[in-house]
Amino acid sequence: MSTDETASPLDFIRTIVADDLKTGKHESILTRFPPEPNGYLHIGHAKAICISFGIAQDFGGCTNLRFDDTNPIKEEQEYIDAIKRDITWLGFDWDEREYYASDYFQQLYEWAIQLIKAGKAYVDDQTADEIRHTRGTLTEPGIPSPWRDRCAGESLDLFERMKKGEFPDGSRVLRAKIDMAASNINMRDPVMYRILHATHPRTGDQWCIYPMYDWAHGQSDSIEQITHSLCDLDFENHRPLYNWFIEQLGIFPSRQIEFARGNITYTVTSKRKLLELIEKGKVTGWDDPRMPTLSGLRRRGYTPESIRGFWRTVGIAKRENNIDVAMLEHCLREDLNRLAMRVMGVLDPIKVVITNYPDDLVEEMDAINNPEDESAGKRKIPFCRELFIERADFMEDPPKKFFRLAPGREVRLRYGYWITCQEVIKDDAGDVVELHCTYDPQTRGGDAPPDGRKVKGTIHWVSARHAVDAQVRLYDHLFSAEDPTDVPNGGDWLDNLNPDSLDVKTCCKLEPSLADAKVGVSYQFERLGYFCVDEKDSQPGVLVFNRTISLRDTWAKMQKKKKG
RNA sequence: UAGCCCGUGGUGUAAUGGUAGCACACCUGGUUUUGGUCCAGGCGGUCCUAGUUCAAGUCUAGGCGGGCUAGCCA
């Protein structure tokens with residue numbers, strides 16, 4: 001894995017890092033991953049994690065985990081725990097380097113005083129509204145606050161009293177004194193501190209002034225001596241400010257480098273929108289298997305390696321992108337194909353009676369566990385007179401290219417026998433309820449008979465007398481639009497929700513070995529796809545499986561093309 | 001509208017100024033006791049216009065197109 005990475009050309013960030021190491025600018029590198037604990041991590045965060053942890057790893061450096069907990073109103077301990085669990089699951093390790101921006105509140109406070117004394121920050125008594133209106137616009141410069149030139153002593157006193165809690169929320173802020181006419185609006189005297197009488201998950205009621213992102217982030221990077229602070233393009237406009245604070249303070253110069261976040265077709269990755277899906281009951285929670293959250297993907301059956309491999313093949317650049325979700329699915333199948341145990345299960349059963357097979361006979365057939373891994377060995381599956389096959393594997397009036405079972409047609413039962421359909425039993429409504437077939441004893445195990453007969457199709461099956469029952473949940477893309485946020489004006493992005501994203505199959509019949517299927521293990525139900533036990537809803541005896549992803553299905557593709 | 005950033009096949013991403021490559025997707029064919037996997041082949045691209053140069057995806061200028069930014073969010 002790492003040899004692959006070093007062999008391929010370096011992306012632009014790795015090029016910078018390699019150069020910094022080569023020129024001796026840094027002896028070693030240190031990156032950081034700075035989640036805000038206000039939501040669950042999703043596939044987009046996984047990109048940032050793979051980049052920050054992955055690059056450090058490639059160059060023998062380390063990565064700090066630092067929670068950006070500067071807004072007590074939105075942040076919760078539950079999220080901190082979930083984030084740590086997800087990063088670990090993804091396969092990365094921050095050792096003991098778990099930090100919090102709130103660890104630095106005291107240092108930040110002291111640095112703020114230093115800037116006030118140096119005439120580079122001041123307390124502004126304007127309301128939020130006034131500040132907004134005097135900030136100017138994209139084309140017009142801002143108007144200086146009437147408090148901009150008050151003396152350092154007064155600001156110092158006011159700032160001290162802000163900290164003590166003498167003033168209500170929103171009554172005053174501390175602002176950096178930079179340039180109200182700057183073309184970059186972030187430089188127009190940005191707010192450094194606001195008053196928030198809120199209880200912080202970690203610092204409790206110790207503080208009632210909280211630093212803004214711009215004032216906290218770069219300084220936290222510097223305190224930790226982060227060499228390369230990697231973030232997404234949204235922060236590009238903040239870099240001048242990031243550098244300004246560091247220069248004014250004369251502290252360790254961390255360097256911020258931005259890359260484009262990765263968008264994926266048919267999915268949304270915005271915490272706000274994901275939260276909305278949950279709150280409006282469109283999904284069951286952060287870990288709904290249709291969610292692009294790491295907890296959702298995990299529950300769905302995605303492997304960490306497949307997600308890392310995905311971001312590795314996608315690469316890093318600065319241009320806007322919308323990655324075909326098929327790429328993600330490809331990486332998933334690639335990994336699952338390698339490791340999944342093969343089993344047989346019938347999702348939509350139709351009964352088959354083999355009329356010339358002894359009623360009291362049960363044979364144990366040999367089945368290969370994983371053709372991609374010989375060491376996975378073999379298992380026995382029971383075969384008897386009554387079986388279930390997939391309803392879709394039978395057609396009464398099949399088209400030419402249909403290779404499966406039909407009246408008078410012979411097919412192979414995988415690892416079983418070759419059978420021929422002799423009779424179709426229907427109910428009063430005309431629906432097929434049972435098939436009567438005959439088998440050829442010379443085809444045991446599915447082998448070809450000595451007469452050289454050929455068969456076009458091989459289908460899967462389960463012994464009706466030995467099958468275990470299960471519920472199986474089939475998932476499709478959560479959205480039916482390639483870009484779910486692309487809404488004709490006046491429309492709602494939720495209108496793009498795919499009404500068929502969940503299909504629950506309740507009468508599934510699985511081979512007996514699945515009775516003790518384990519959570520966290522992927523199984524390939526042959527010819528159908530990859531499945532896993534649902535970690536929440538499955539009970540011993542009441543099995544619930546999630547379909548992680550279907551197998552590539554050229555037959556289904558042909559059908560779809562025909563239709564439309 | 002101002003500043004910053006970005007334009008390479010359908011998608012994603014490469015190419016010291018020197019043969020535009022790789023992956024996915026798509027299309028063929030082969031193997032196959034999974035219509036899976038695997039294997040072989042194919043389709044398809046440098047936003048435009050000038051300029052510099054023996055040579056431009058790459059450098060220069062001007063266009064055009066897209067993204068971000070006017071939170072006391074991060």
Side-chain angles (χ1 to χ4, degrees), chain A residues 8-11 34-36 38 68 70-71 73-75 124 126-129 131-133 135-142 169-175 182-188 190-196 210 212-214 216-217 231-240 258 260 262 265 271-272 310 313-331 333-334 337-338 342 344 367-368 371-372 401-404 412-416 418 443 445-448 455-460 482 524-529 550-558:
Chain A
S8 54
L10 299 181
D11 56 70
E36 183 190 11
N38 70 343
D68 225 323
T70 56
N71 187 353
I73 292 169
K74 296 200 292 186
E75 297 153 4
D124 192 344
Q126 293 183 109
T127 64
D129 253 10
I131 288 179
R132 183 170 337 129
H133 290 122
R135 184 158 24 228
T137 66
L138 295 176
T139 50
E140 300 159 39
D169 288 5
S171 57
R172 274 177 242 265
V173 293
L174 181 73
R175 298 177 77 177
S183 56
N184 183 333
I185 294 177
N186 290 306
M187 302 298 273
R188 317 236 265 229
V191 172
M192 293 168 66
Y193 276 99
R194 76 281 214 189
I195 301 172
L196 245 35
Y210 290 92
M212 298 288 291
Y213 168 86
D214 286 307
H217 201 91
C231 60
D232 73 70
L233 253 22
D234 285 0
F235 297 98
E236 211 163 21
N237 294 327
H238 294 246
R239 185 164 15 102
E258 314 85 11
T265 57
K271 280 191 220 170
R272 210 206 89 235
F310 168 66
T313 55
V314 161
I316 310 173
K318 295 186 75 165
R319 67 187 92 104
E320 284 303 309
N321 59 76
N322 201 14
I323 307 154
D324 192 337
V325 70
M327 180 81 86
L328 211 210
E329 295 173 341
H330 162 79
C331 294
R333 289 192 181 103
E334 187 177 47
N337 175 55
R338 189 170 59 77
R342 270 60 171 176
M344 291 201 285
I368 294 166
E372 306 293 320
K401 290 287 193 59
F402 187 80
F403 301 150
R404 287 110 93 146
R412 170 190 294 115
L413 292 178
R414 184 144 160 102
Y415 302 129
W418 290 19
T443 58
D447 292 340
V455 82
K456 283 290 273 187
T458 298
I459 65 176
H460 62 277
E482 199 168 290
Q524 184 195 102
F525 289 10
E526 293 211 31
R527 302 209 308 132
L528 296 176
S550 68
L551 247 30
R552 272 186 62 214
D553 189 346
T554 52
W555 167 247
K557 201 185 286 176
M558 280 166 65

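Here is the naming used below: chain letters follow the sequence lines, and residue numbers restart at 1 for every chain.
- One finds a side-chain N or O of A:Arg527 lying less than 4.0 angstrom from the OP1 or OP2 phosphate oxygen of B:rG35.
- Considering only the side chain of A:Phe403, B:rG35 comes nearest among B:rG35, B:rU37, B:rA74.
- A sub-4.0 Å separation between OP1 or OP2 of B:rU37 and a side-chain N or O of A:Arg333 is absent.
- With both pairing distances under 3.5 Å, B:rG65 is matched to B:rC6 as a Watson-Crick or G-U wobble pair.
- When the nucleotides B:rA70, B:rC72, B:rU34 are ranked by their closest atom to the side chain of A:Leu138, B:rA70 comes out on top.
- At B:rG35, none of the side-chain N or O atoms of A:Arg412 fall inside 4.0 Å of OP1 or OP2 (strictly under the cut-off).
- Nearest to the side chain of A:Met212, among B:rU34, B:rG3, B:rC72, sits B:rC72.
- Counting only heavy atoms from C-beta outward, the side chains of A:Thr265 and A:Ile323 never approach each other to under 4.5 Å.
- Regarding contacts with the backbone of B:rG71, a side-chain N or O of A:Arg135 is found under 4.0 angstrom from either OP1 or OP2.
- Between A:Ile185 atom CD1 and A:Leu138 atom CG the span is 4.5 Å, to the nearest 0.5 Å.
- For A:Lys557 and B:rC26, the shortest distance from a side-chain N or O to OP1 or OP2 is below 4.0 Å.
- For the OP1/OP2 pair of B:rA74 and a distance below 4.0 Å, the side-chain nitrogens and oxygens of A:Thr70 include at least one atom meeting the criterion.
- In this entry the base of B:rG12 is anti relative to its sugar, with a glycosidic angle more than 90° from 0.
- A gap of 30 Å separates the P atoms of B:rC59 and B:rC24, to the nearest Å.
- Regarding contacts with the backbone of B:rC24, a side-chain N or O of A:His330 is found under 4.0 angstrom from either OP1 or OP2.
- Between A:Glu334 atom CD and B:rU37 atom P there is a gap of 11 Å when expressed in whole angstrom units.
- B:rG10 and B:rG42: their C1' atoms are spaced 16 Å apart (whole Å).
- Counting heavy atoms from C-beta on, the side chains of A:Arg527 and A:Arg414 never come closer than 4.5 Å.
- Distance check on atom C1': B:rA56 versus B:rU49 gives 14 Å, rounded to whole Å.
- The same atom, P, is picked in B:rG7 and in B:rU60; the two are 13 Å apart, to the nearest Å.
- A:Ile73 places a side-chain heavy atom less than 4.5 Å from the side chain of A:Asn71.
- Between A:Thr70 and A:Glu75, the shortest heavy-atom contact is N-OE1, 3.5 Å.
- A heavy-atom distance below 4.5 Å is not found between the side chains of A:Glu36 and A:Tyr213.
- For the C1' atoms, the distance linking B:rC68 with B:rA74 amounts to 15 Å, nearest Å.
- On the C1' atoms, B:rG45 is 14 Å away from B:rC22, given to the nearest whole Å.
- Atom CG of A:Leu328 is separated from atom CZ of A:Arg333 by 11.0 Å, given to the nearest 0.5 angstrom.
- Taking the C1' atom of each, B:rG71 and B:rG12 are spaced 33 Å apart, rounded to whole Å.
- Ring-to-base geometry places A:Trp555 in a stacked arrangement with B:rG35 (centre distance under 5.5 Å, plane angle under 30°).
- Taking only side-chain atoms of A:Asp68, from C-beta outward, the nucleotide of B:rA74, B:rU34, B:rG3 with the closest atom is B:rA74.
- Rounding to whole angstrom units, CG of residue A:Leu328 and C1' of B:rA25 are separated by 14 Å.
- Side-chain proximity of A:Asn71 to B:rG35, B:rC24, B:rC73: nearest is B:rC73.
- Contact annotation: A:Arg272 does not reach the phosphate of B:rG71 (side-chain N/O to OP1 or OP2, under 4.0 Å).
- Nucleotide B:rU28 forms a Watson-Crick or G-U wobble pair with B:rA40, both donor-acceptor distances falling under 3.5 Å.
- A 4.5 Å side-chain heavy-atom check between A:His460 and A:Leu528 finds at least one atom pair inside the cut-off.
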Open item on the list: Strictly under 4.0 angstrom, non-hydrogen atoms only: write out the protein contact profile of nucleotides 4-12 of chain B, one letter per nucleotide from the 5' end, B, S or -.
Closed with: -SSSB--SS

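- Proximity of A:Thr313 to A:His330: side-chain heavy atoms (C-beta onward) are nowhere separated by under 4.5 Å.
- Closest to the A:Thr458 side chain, of the nucleotides B:rC73, B:rG35, B:rA25, is B:rG35.
- Checking B:rA25, B:rG35, B:rU34 against the side-chain heavy atoms of A:Arg414 singles out B:rU34 as nearest.
- Going from the C1' atom of B:rG9 to that of B:rA14 covers 13 Å, rounded to whole Å.
- What separates CG of A:Asp11 from C1' of B:rA15 is a distance of 15 Å, to the nearest Å.
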